[in-house]
S.K.: 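One structure, pasted below without further comment.
We count residues from 1, following the sequence as given. This is a predicted model, so every value here is computed, not measured.
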Amino acid sequence: LYFDHEKALARALDLLAQGARLLDIGGESTRPAPDSLPVGEAEEQRRVLPVLRRLHELRGKLAAERGGIALEAGELSGVSVPDAAVTAELSGQLGAPGTEAAPLESSVPIGGAGSAGRVDGSGSISGAYTYDAPYAEEMQAVHPADLLLSVDSWRAGTAVAALEAGADVVNDVAGTAFDPVMVEVLASYKPGYILGHCPEAPAVMQNAPHYDDVVEDLYAYFSTQVEMLVRHGLPENRIMLDPCFGFGKNLTHNLDLMRGLGRILGLGLPVCVALSRKTLIGNLLDLPAGPRRDMPTQVLSALLLERGGLLH
């Protein structure tokens, strides 16, 4: 968790050097209460937009250095999904403006298809475009067309501001449910869209989650939402699905979803899976929050990757 923009950008460069190719940048925690503090739209944008702009500038510089064309916001909207989608999160969350929380190690497996690891260092930066040793050499492996920028927000206003700042993807945990205006934004900008599932606001989502059949319920939900988004003008090939393990789901629901991932994949769209250090791992193995959950995260992620999920 980073509240200093320069340190957040340094973290992004570190993650890129380690193999991440989609950086998901968020400004508000969606963790269950009491571990989350909601922020307003203005504060969310204050946290997110400077980092997005700098990363977009860096991508343009990489393109110029290699004789390519600097990509404008939105040109990477068609999300191309490799064998293993590798993403990383940078979140400015859970703290007062201008303060820095303790760094949170990257919560995503990284590397080639089927590999898993955790990034826990930070790089250093100076100036608007530079990246310092020891990452300069590694950064040469980053092709600008391979670098996608995602904003993690359910707010339509933040999505618009982020897309104008150079974001390619909107990661919406609520799947437009928390802000219906998001549908208009998606239809207009046609970005990549990670369609999440969270039945209630984070503050109450874990109070008493209930499903008749969690796999079939989510299958129906995704089917309905995808049809609605396409009808409003968002191309289907812009959409990825995220069942959002741990969001309005108890341990039984989460395990059922893991077993039933193939059913969700049957919709024919990429399905993201994000498990790292989540409470479900703690409940399953009686492990406290923290690094002891890393190995189970990697094992479960590898299993879901093998079943066709994309690491997120």
Side-chain angles (χ1 to χ4, degrees), residues 22 24 26 30 73-83 85 87 148-160 162-163 167-202 205 209-249 253-254 256-275 304-305 307-312:
L22 190 156
D24 190 36
T30 48
E75 286 189 18
L76 296 182
S77 297
V79 179
S80 174
V81 182
D83 290 338
T87 72
L148 293 173
L149 302 176
S150 169
V151 61
D152 186 345
S153 179
W154 54 265
R155 292 183 175 92
T158 297
V160 168
L163 291 166
D168 312 296
V169 179
V170 175
N171 180 11
D172 178 5
V173 67
T176 75
F178 294 171
D179 189 347
V181 179
M182 182 70 81
V183 176
E184 299 175 24
V185 174
L186 299 173
S188 176
Y189 284 83
K190 296 178 172 50
Y193 183 59
I194 300 177
L195 169 60
H197 175 268
C198 184
E200 301 284 348
M205 66 183 179
H210 172 76
Y211 302 88
D212 293 331
D213 181 317
V214 67
V215 175
E216 291 303 320
D217 287 359
L218 262 69
Y219 184 94
Y221 162 81
F222 284 131
S223 297
T224 299
Q225 290 300 98
V226 169
E227 189 277 330
M228 179 273 294
L229 290 169
V230 171
R231 188 173 68 251
H232 279 82
L234 180 65
E236 186 172 304
N237 65 4
R238 298 288 199 265
I239 303 172
M240 302 174 75
L241 311 178
D242 184 355
C244 295
F245 290 99
F247 287 73
K249 300 165 187 73
H253 298 147
N254 289 312
D256 286 345
L257 269 176
M258 292 181 200
R259 296 186 189 99
L261 187 65
R263 174 65 169 157
I264 307 300
L265 286 163
L267 288 166
L269 293 172
V271 178
C272 303
V273 294
L275 298 171
L304 293 180
L305 174 62
R307 294 185 178 187
L310 302 173
L311 306 184
H312 170 53

S.K.: Would you find a donor on one side and an acceptor on the other, under 3.5 Å apart, between the side chain of R238 and the backbone of Y193?
M.R.: no
S.K.: Go through it in stages, so that I can follow the logic: the residues are E236 and L229, the test is side chain to side chain contact (heavy atoms under 4.5 Å, CB included), and I'd like the CA-CA distance, side-chain angles, deciding distance and then a yes or no.
M.R.: CA-CA 8 Å; E236 186 172 304; L229 290 169; over 6 Å; no
S.K.: Hey, does the side chain of D242 reach the backbone of L195 with a donor-acceptor pair shorter than 3.5 angstrom?
M.R.: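 Side chain of D242 to backbone of L195, a donor-acceptor pair under 3.5 Å: no, none is there.
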S.K.: Side chains of V271 and P243, heavy atoms from C-beta outward: is any pair under 4.5 Å?
M.R.: yes
S.K.: I need the minimum non-hydrogen distance between C244 and G196, along with the two atoms involved.
M.R.: SG-CA, 3.7 Å
S.K.: Rounded to the nearest 0.5 Å, what separates atom CG in L310 from atom SG in C272?
M.R.: 5.5 Å
S.K.: First locate atom CE of M182, then atom OG of S153, and finally report the distance between them rounded to the nearest 0.5 Å.
M.R.: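 The OG atom of S153 is 5.5 Å from CE of M182, to the nearest 0.5 Å.
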S.K.: Roughly how far apart are L267 CG and F222 CZ, rounded to 0.5 Å?
M.R.: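 So the CG of L267 and the CZ of F222 are separated by 8.0 Å.
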S.K.: Mind running side chain to side chain contact (heavy atoms under 4.5 Å, CB included) on V160 and Y189 for me, showing each step along the way?
M.R.: CA-CA 8 Å; V160 168; Y189 284 83; 3.5 Å; yes
S.K.: Any donor and acceptor pair, going by atom type alone, linking the side chain of K249 with main-chain N or O of G246 inside 3.5 Å?
M.R.: no
S.K.: Where do F247 and H197 land on the ring-ring contact (aromatic ring centres under 6.0 Å, His included) test, with the steps shown first?
M.R.: CA-CA 7 Å; F247 287 73; H197 175 268; 9.7 Å; no
S.K.: For D172 and I194: C-alpha separation, side-chain torsions, deciding distance, then whether side chain to side chain contact (heavy atoms under 4.5 Å, CB included) applies.
M.R.: CA-CA 6 Å; D172 178 5; I194 300 177; over 6 Å; no
S.K.: Would you find a donor on one side and an acceptor on the other, under 3.5 Å apart, between the side chain of S188 and the backbone of E184?
M.R.: no
S.K.: Indicate yes or no: at least one non-hydrogen side-chain atom of L241 is less than 4.5 angstrom from one of V226.
M.R.: yes
S.K.: Looking at D256 and V214, what are the two nearest heavy atoms and their distance?
M.R.: CB-CG1, 3.6 Å
S.K.: CG/D152 to OG1/T158 distance, rounded to the nearest 0.5 angstrom?
M.R.: 10.5 Å
S.K.: With the side chain counted from C-beta on, respond yes when L261 and V273 share a heavy-atom pair under 4.5 Å apart, and no when they do not.
M.R.: yes
S.K.: Please examine the side chains of P191 and L234, heavy atoms only from C-beta on, and report whether any two atoms are closer than 4.5 Å.
M.R.: yes
S.K.: For Y219, check ring-ring contact (aromatic ring centres under 6.0 Å, His included) against everything at least two apart and list the hits.
M.R.: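 Expected list: none.
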S.K.: Do the side chain of Q225 and the main chain of G175 share a donor and acceptor less than 3.5 angstrom apart?
M.R.: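 Judged by distance alone, yes, a pair lies under 3.5 Å.
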S.K.: Give a yes or no on whether the backbone of M258 and the side-chain of R307 come within a donor-acceptor separation of less than 3.5 Å.
M.R.: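 Checked: pair present.
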S.K.: Taking side chain as C-beta onward, heavy atoms only, is V183 less than 4.5 Å from M228?
M.R.: yes
S.K.: Of the non-hydrogen atoms in I264 and V215, which two are nearest, and what is the gap between them?
M.R.: CD1-O, 3.8 Å
S.K.: Roughly how far, to the nearest 0.5 Å, is SG of C198 from CZ of F178?
M.R.: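 Reported to 0.5 Å precision, the distance equals 4.5 Å.
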S.K.: Between E227 and V230, does the side chain to side chain contact (heavy atoms under 4.5 Å, CB included) criterion hold? Intermediate values first, please.
M.R.: CA-CA 5 Å; E227 189 277 330; V230 171; over 6 Å; no
S.K.: Rounded to the nearest 0.5 Å, how far apart are CG of L269 and CG of N237?
M.R.: 9.5 Å
S.K.: Which heavy atom of S150 sits nearest to which heavy atom of L22, and what is that distance?
M.R.: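 So the two residues come closest at CB-CD2, 3.6 Å.
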S.K.: Would you please indicate if the ring centroids of H253 and Y211 are separated by under 6.0 Å?
M.R.: yes
